[in-house]
Amino acid sequence: MGKNVHVIDRFAPSPTGPLHVGNLRTAVIAWLCAHQQDGELLLRFEDLDRANSKPEHEVRQVNELAQLGITFGSNVIRQSERFDLYREIVEGLRQQDLVYPCYCTRREILESTQAPHGPAIEGAYAGTCRNLSARDRSEREQSGRPPAWRLRTNNEEYLVDDVIAGPTPTVIDDMVLLRNDGVPAYNLAVVVDDAAQGVTQIVRGDDLLLGTGRHIHLQKLLGYPTPQYVHVPLVVGPDQERLAKRHGAVTLEDLGQRGIGTQEFLGELARSIGSVVERLKDVADLLDDFNLDRLPRSPWTIPSHWQTDHHDN
Ligand code: GLU
């Protein structure tokens, strides 16, 4: 970031359960990035999933973060309170003929996935409903199945200038903006909210790296600035798969039950991000030593004594 830019980072969990080690590690890195640059870290609850998002999970997540010394300003936003805004934006795009109704089922989409001609995103949409004839469209309308609304694109390519991964080419697709149950899509909400919160730097898991071209495209379309991206390599189990419950102790509660307290947890996290500070009380003790250049560029495997079926002796 250039000098004199007020840095704003954000942490954007979905309140659908306790935070796992991967989320916590990302939050620690985001907090460090923000505070090392005299910036701030904002909190946003991505609770688009109305069935599984719960206020009690929000409270729990805030407490878990506070346990590590991560706190936020009071200007927390919740995506569930912003559906009207997202829908208005889609309506504006509809008036410019930039979105179209899509009647495809999940199955049809899976079956017609484009043969990628570049680093396309998983499940990229082949554009089946993009140019339906008036007749096909009315046939589909009559089926009674409500449509999702997709953005009309030309499968543009974007180079994501990621701080960790380096320049990364991506190809976009006609992403869903409004799902067929009326719920706004993550790709839209994330872009709208990052702009609304004035976010200048985004630290998040690198499973979202190849989807970032979609966000850059939407930012340009909606006249928003593109923040700096820092995609953090994932936390994985011993099988190198994305961290999951079956791998062992993956939440602060699980770790506590194995006698691993906050200090020890933070010590392991510190090592995992290339820091060597001993006897950490909280995340602030890492501020002086933290350096993004030392963050390993490959996934981090949780320590063996956190894993399932580990026997100390
Ligand atoms: N809500 C997403 C998650 O919990 C994060 C999305 C983002 O950071 O852009 O994984």
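Order of listing sets the numbers, starting from 1, for every ligand and every atom in it. Just so it is clear, the model here is predicted, and its values are computed rather than measured.
At least one donor-acceptor pair closer than 3.5 Å links the side chain of S14 to the backbone N or O of E46.
Contacts between N23 and ligand 1, counted as non-hydrogen atom pairs separated by less than 4.0 Å, are absent for every part of the residue. Looking at R10 against ligand 1, only its side chain comes within 4.0 Å, counting heavy atoms.
For ligand 1, the atoms lying closer than 4.0 Å to a non-hydrogen atom of S14 are 1 (N), 4 (O). Every atom of ligand 1 with a heavy atom of E46 under 4.0 Å away is listed here by number and element: 1 (N), 2 (C), 5 (C), 6 (C). Residue-ligand proximity, Y186 to ligand 1, at heavy-atom distances under 4.0 Å covers atoms 6 (C), 7 (C), 9 (O).
The aromatic rings of W300 and W306 lie perpendicular to each other, with more than 60° between the two planes, well past the 30° mark.
Scanning the protein heavy atoms around atom 5 (C) of ligand 1, the nearest turns out to be A12 O, 3.4 Å.
Taking 4.0 Å as the cut-off between side-chain N and carboxylate O, D47 and R50 count as a salt-bridged pair. In this structure, E64 pairs ionically with R60, as a charged nitrogen and a carboxylate oxygen lie closer than 4.0 Å. Under a 4.0 Å N-O distance rule, the pair D194/R44 qualifies as a salt bridge.
Shown here, atom 10 (O) of ligand 1 is out of close reach of the protein: none of its heavy atoms lies under 4.0 Å off.
Looking at ligand 1, you won't find any N or O of V190 less than 3.5 Å from one of its N or O atoms.
In summary, of the residues considered (N291, D289, D288), a side chain to side chain donor-acceptor pair (under 3.5 Å) with S275 occurs for D289 alone.
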